[in-house]
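Just below is one structure, and these are the notes that go with it.
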Amino acid sequence: MQLYHMTAHRLQQMLAKGEISAEELCRSVFQRIDEVEEKIRAYITLDRENALQQAKAVDKARRAGEQLPPLAGIPVAVKDNICTKGLRTTCASKILYNYVPPYDATVMELLHDAQMVLLGKTNMDEFAMGSSCENSGFYPTCNPWDTDRVPGGSSGGSAAAVAAGEAVLALGSDTGGSIRLPAAYCGVVGMKPTYGAVSRYGLVAYASSLDQIGPFARDVTDCALMLNVICGHDPRDSTSVPYDKPDYRTFLTGEIKGMKIGVPREYMGEGIDSAVREIINKAVRVFTDLGAEVEETSLPHSDYALPAYYLIAPAEASSNLARYDGVRYGYRADKSEDVVDMFKKTRSEGFGPEVKRRIMLGTYALSAGYYDAYYNKALKVRTLIKRDFDRALEKYDLLLAPTAPGTAFKRGEKVDDPLQMYMVDICTLAVNLAGIPAISVPAGNVSGLPVGMQLMGKPFGEGEILRAAYAFEQCSGICCQLPD
Ligand code: GLN
């Protein structure tokens, strides 16, 4: 197997034993990028020279006998809405096409402390609004399993990079499924941690009460290793929660006897492909064989998650995106008559159609006269959805569901029908409204395309989710299949 296709924990051992150098590994990944990037287009910006410098520095430190952190020298890709000091951060938007942040996001500082090697910044739907990566202001990313298909979104570039061997690990952000959906479509592991478990400082805001940064990995062990790096309290993010961060690897025992798992019937009914349902039912059998108690349950307000999300997220987005006006940074329209005209032209030319749609939806929902009818009502529905999860998670350790209703769809198939596009998130949105953690792990294939299984857990219950996901992975042997 080529280095670029290996898991981080395997590479970590080879690096530690001196069988390979970080520079060799970095060169191997860039060689792969040179081979396949033209057809995948996972990246917006590559940072080759700096990456090689970082890799060489790790090798030098190792040669000097320094004690290195576990992921030192592992190449990582980062979604382009996470601020990287001195490296362009565009959010895949024309309005930020030239924005170079003067500071690092907290997660970037943590990756640097871990001595990981930053390869570059990955493509996404503009400002993380979308489910297919087709809303990128630059170009769409393609699914490595079938390049006519979408990789899912909005963190499509990160998922595609890990699946295609263009990165060993990656970071994305998940507001309504943007890590889990592309992980499912690309056949990799993706996790949205509990709201407040990972700092959002330096993550460009889409919907602040829902956004959360999380990892993409080739298996559950790598996912745990990455969580070890990025989780933890950060005083610079007021919504970050102080908590005792465990070593997530300690949960990877394979032991889940007696674990109680609920399968919400609302996630297995109408709108879910029968082939997907079959794969999830097979997964349930794996869990039963492993000694877990699995039964059907209900999250009665599930139908309202999509409408509530599409009021709350655009409302927050309309406020968050007010700052892009061409004054301080980013794109500015020329030939304006006055300052108001400049704002108008800058925003009309700088934002893509989906972002404009969200700003209009959100402004409408927040405007006088509609605020109570829409926004406030959506907040109440959010509470009901959260209570559904609280109740279910009192009885069950975890909830199990498909990550998406189907497999990766063809590019262009849903672009003209926003509602169809929004519907692909029906299995993932509610988790963000409730603030709980969830993982997507590969559970099988339909016609050569990966299907993801989602495991949802209690707040700060990432460890239990990883425990179950790892046991499933070991027992089913499904993880780590990557396209050639
Ligand atoms: N597809 C959803 C949206 O467009 C979720 C995106 C996300 O999680 N960032 O809003």
Side-chain angles (χ1 to χ4, degrees), residues 78-82 91-93 122-137 140-141 150-159 170-185 190-193 195 198 200 203-216 305-321 351-362 365 378 382 403-406 408-409 414-415 417-440 452 454 456:
V78 172
K79 188 177 182 179
D80 211 21
N81 60 352
I82 295 175
C91 291
S93 181
T122 55
N123 200 15
M124 55 186 277
D125 288 294
E126 186 176 0
F127 283 103
M129 298 172 191
S131 309
S132 68
C133 237
E134 291 165 293
N135 296 341
S136 166
T141 295
V150 304
S154 65
S155 316
S158 288
L171 287 184
S173 68
D174 191 312
T175 306
S178 277
I179 292 176
R180 290 159 288 153
L181 179 73
Y185 280 6
M191 186 163 200
K192 182 204 98 75
Y195 185 77
V198 178
R200 289 183 300 111
L203 168 68
V204 178
Y206 160 19
S208 315
S209 78
L210 302 161
D211 299 339
Q212 193 59 198
I213 294 173
F216 286 95
L306 190 92
Y309 174 88
Y310 276 101
L311 287 165
I312 293 168
E316 294 184 21
S318 69
S319 160
N320 276 328
L321 271 59
F351 289 134
E354 184 60 29
V355 174
K356 285 181 192 158
R357 180 180 295 125
R358 305 284 177 108
I359 291 174
M360 283 194 283
L361 279 172
R382 180 177 190 174
T403 307
F409 48 92
K414 297 186 200 284
V415 271
D417 189 344
L419 192 58
Q420 277 297 315
M421 190 68 96
Y422 298 170
M423 293 292 276
V424 300
D425 298 318
I426 49 169
C427 302
T428 45
L429 296 168
V431 158
N432 299 72
L433 292 170
I436 59 173
I439 200 169
S440 177
Q454 188 178 200
M456 305 167 251

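Whatever order the structure lists them in is the order used to number ligands and atoms, beginning at 1. Note that the structure is predicted; figures quoted are calculated from it, not measured.
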Can you give each donor-acceptor pair under 3.5 Å made by side-chain atoms of residues 305-313, sequence neighbours left out, with the distance rounded to 0.1 Å?
residue: Tyr309; atom: OH; partner: Tyr206; partner atom: OH; Å: 3.3

With sequence neighbours excluded, tell me which residues meet ring pair (Phe, Tyr, Trp, His ring centres under 6.0 Å) with Tyr195.
none
Would you say the side-chain atoms of Glu354 pair up with the backbone N or O of Gly130, donor to acceptor, closer than 3.5 Å?
no
Any donor-acceptor N or O pair under 3.5 Å, side chains Lys79, Ser173:
yes
I need the contact residues for ligand 1: any residue with a non-hydrogen atom closer than 4.0 Å to the ligand, ordered by chain then number.
Ala128, Met129, Gly130, Ser131, Ser154, Asp174, Thr175, Gly176, Gly177, Ser178, Tyr206, Tyr309, Tyr310, Arg358, Asp425
The residue among Ser132, Ser136, Ser131, Ser178 that forms side-chain hydrogen bond (donor to acceptor under 3.5 Å, both in side chains) with Ser154 is Ser178
Sequence-distant partners of Asp211, salt bridge (Lys or Arg N to Asp or Glu O under 4.0 Å), two or more places apart:
none
